[in-house]
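Here is the structure we will look at.
All chains are named by letter (A, B, ...) in the order of the sequence lines, taking the proteins before the strands, and each is independently numbered beginning at 1. These numbers come from a predicted model, not from an experiment. Worth knowing before you read on, the calculation uses all heavy atoms, side chains too, and leaves out hydrogens, waters and symmetry mates.
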There are 2 protein chains.
Amino acid sequence: MDDTFSALANKTRRQILDYVKNNPACLVNDISNQFAMSRIAIMKHLKILESANLLVTEKVGKAKHHYFNVIPIQQIYDRWTDEYSRFMASRLTGFKNQIEQELKDTENEPKQTKKCS
Amino acid sequence: MDDTFSALANKTRRQILDYVKNNPACLVNDISNQFAMSRIAIMKHLKILESANLLVTEKVGKAKHHYFNVIPIQQIYDRWTDEYSRFMASRLTGFKNQIEQELKDTENEPKQTKKCS
DNA sequence: CAAACATGTAACTTAAAGGTTACATATAAG
DNA sequence: CTTATATGTAACCTTTAAGTTACATGTTTG
């Protein structure tokens, strides 16, 4: 999970994900041609994305095909909607009201701190 | 948006967010007491979280109160669900039901928050 | 086989992240 | 007023991130 957050923290890597999503089966060179930086730099980003399982690859001869994998993003999505579900739900009622509600409800409730991934 | 991703990429900062969410109005010292590292290190993390607008603060005398702000996370959520809507589409129905369930449950479940100092 | 092509590895540089200790300021309380 | 408390700033250190150039390997194709 930490790998996923780290991988997504870099703008170039998010752009790579966007590109691969829109160009399934694309090659290393296809990807690196989209960016100003060198192919080596892109390959490092690809390695990080692949380690985070955000990209999966298939080697066919000398060609390496890349595919976007949404599952780690879904896992983050699930994490946040679990951790912050009340806040996500609050989109219907507004943040301010929710904070006021929390402060009001505070006295008779137990503290609970959840572990972080 | 980049600030938000960067801020969320660090495990300590995610844990800080969890703590502040569960302990609205908490102070710098309340937060730093939860961690092994120094108060100064925590203050740097707080500054980053505040710059990313994930935390909002209110100064009252010598005390600085911290509050979690979900809006940047909602924006990320919206970005990804927009960017990857095709991939998320299959999950949307489940999500809708989940939110409805959460809203329903919220009325009966005790909330897990406690006000600080 | 030789040349072009696609990808992979190594070594290095620079900048930024994440932490430390020491010191400074401002408010509350005795 | 003096002391304890809560937060803020400065200077520094170490590790990691992110990029570079140069070279190596493996695979098609003429």
Side-chain angles (χ1 to χ4, degrees), chain A residues 1-20 23-68 72 116-117, chain B residues 1-20 23-68 72 114-117:
Chain A
M1 182 72 99
D2 197 39
D3 287 347
T4 310
F5 276 111
S6 299
L8 291 173
N10 181 282
K11 185 171 186 173
T12 299
R13 286 196 289 270
R14 293 198 299 275
Q15 290 174 330
I16 290 175
L17 281 188
D18 288 335
Y19 179 79
V20 174
N23 299 275
C26 60
L27 306 180
V28 174
N29 278 333
D30 296 329
I31 300 167
S32 71
N33 288 339
Q34 305 297 315
F35 296 89
M37 70 187 68
S38 72
R39 177 182 58 86
I40 313 301
I42 295 296
M43 283 182 63
K44 290 188 183 179
H45 285 307
L46 292 175
K47 189 175 183 181
I48 291 168
L49 289 167
E50 207 175 334
S51 297
N53 207 32
L54 286 160
L55 290 181
V56 293
T57 61
E58 181 192 18
K59 188 122 190 192
V60 180
K62 69 182 175 185
K64 187 174 185 180
H65 299 284
H66 293 74
Y67 302 90
F68 172 71
C116 185
S117 57
Chain B
M1 179 74 95
D2 198 40
D3 287 346
T4 311
F5 276 110
S6 300
L8 291 173
N10 181 280
K11 184 172 185 173
T12 299
R13 286 195 289 270
R14 293 196 299 277
Q15 291 174 329
I16 289 174
L17 281 187
D18 288 334
Y19 180 80
V20 175
N23 299 275
C26 59
L27 306 180
V28 174
N29 279 332
D30 296 328
I31 300 168
S32 71
N33 288 339
Q34 306 297 315
F35 296 89
M37 70 188 67
S38 72
R39 177 183 58 88
I40 313 302
I42 295 296
M43 282 183 64
K44 289 189 184 180
H45 285 307
L46 291 175
K47 188 175 184 183
I48 290 167
L49 288 168
E50 207 175 337
S51 296
N53 207 32
L54 286 160
L55 289 181
V56 293
T57 62
E58 181 192 16
K59 189 120 188 194
V60 180
K62 69 181 174 183
K64 187 175 185 182
H65 298 283
H66 293 75
Y67 302 90
F68 173 72
K114 173 189 170 190
K115 188 177 179 181
C116 276
S117 337

(request) Assign each of A/Ile48 and B/Ala63 to its nearest nucleotide of DNA chain D by heavy atoms, then name whichever residue's nucleotide is nearer the 5' end. (result) B/Ala63
(request) Would you indicate what B/Lys59 reaches in the nucleic acid, counting non-hydrogen atoms under 4.0 angstrom: base, sugar-phosphate, or nothing? (result) sugar-phosphate
(message) If I take atom NE2 in residue A/His66 and atom P in nucleotide C/dA6, what distance separates them, rounded to the nearest angstrom?
(response) 14 Å
(request) Measure the angle between the two terminal helix axes of the helix from C/dC1-D/dG30 to C/dG30-D/dC1, five base pairs each, and quote it to 10°. (result) 20°
(request) Could you tell me the separation between the CG atom of B/Leu27 and the NE2 atom of B/His66, rounded to the nearest 0.5 Å? (result) 8.0 Å
(message) Rounding to an integer number of Å, can you tell me how far B/Asp3 CG sits from C/dA16 C1'?
(response) 14 Å
(message) Return the CG to OH distance between B/Asp30 and B/Tyr19, rounded to the nearest 0.5 Å.
(response) 4.5 Å
(message) At a heavy-atom distance below 4.0 Å, which nucleotide of DNA chain D is the first touched by chain B, and which is the last?
(response) D/dT5 to D/dA11
(message) Using modelled atom types and a 3.5 Å cut-off, is there a donor and acceptor pairing between side-chain atoms of A/Arg39 and backbone atoms of A/Ser32?
(response) no
(request) State the CD1-CG distance between B/Ile48 and B/Leu55, to the nearest 0.5 angstrom. (result) 11.5 Å
(message) Nearest whole Å is fine: how far is C/dC5 C1' from A/Asn33 CG?
(response) 13 Å
(request) Assign a letter to each nucleotide of nucleotides 23-30 of chain C from its 5' end: B, base within under 4.0 Å of a protein heavy atom; S, sugar-phosphate only; -, no contact. (result) ----BS--
(message) So, OP1 or OP2 of C/dG19: does either fall under 4.0 Å of a side-chain N or O from B/Ser38?
(response) no
(request) Measure from CG on B/Asp2 to P on C/dA16 and round the result to the nearest Å. (result) 13 Å
(request) Starting from P on C/dG8, measure out to NZ on A/Lys47 and report it in whole angstrom. (result) 10 Å
(message) How long is the straight-line distance from CG of B/Leu54 back to CG of B/Leu17, given to the nearest 0.5 Å?
(response) 5.5 Å
(message) As an exercise, state the distance from CD1 of A/Ile16 to CD of A/Gln34, rounded to the nearest 0.5 Å.
(response) 10.5 Å
(request) Quick one: closest heavy-atom pair of B/Ala9 and A/Asp2, and the distance? (result) O-OD1, 3.8 Å
(request) Heavy atoms only: give me the nearest A/Ala7-A/Ala52 pair and the separation to one decimal. (result) CB-CB, 3.8 Å
(message) Closest-nucleotide mapping onto DNA chain D: is B/Lys44 or B/Asn29 further toward the 5' terminus? I mean the 5' end.
(response) B/Asn29
(message) OP1 or OP2 of C/dA17 versus the side-chain N and O atoms of B/His45: is any pair under 4.0 Å?
(response) no
(message) Quick one: does any side-chain atom of A/Arg13 pair with a main-chain N or O of A/Ser6 as donor and acceptor, under 3.5 Å?
(response) yes
(request) Quick one: do B/Val56 and B/Glu50 satisfy side chain to side chain contact (heavy atoms under 4.5 Å, CB included)? Show the steps, please. (result) CA-CA 6 Å; B/Val56 293; B/Glu50 207 175 337; over 6 Å; no
(request) Could you tell me whether the side chain of A/His65 and the main chain of A/Ala63 form a donor-acceptor pair under 3.5 Å? (result) no
(message) From CD1 of B/Ile42 over to P of C/dA17, roughly how many Å is that when rounded to an integer?
(response) 17 Å
(request) Look up atom CZ in A/Phe35 and atom CD in A/Gln15, then write down how far apart they are to the nearest 0.5 Å. (result) 5.0 Å
(message) Expressed as a whole number of angstroms, how long is the span from B/Asn10:CG to C/dG18:P?
(response) 5 Å
(request) Would you kindly give the CZ-to-C1' distance between B/Phe35 and C/dG19, to the nearest whole Å? (result) 15 Å
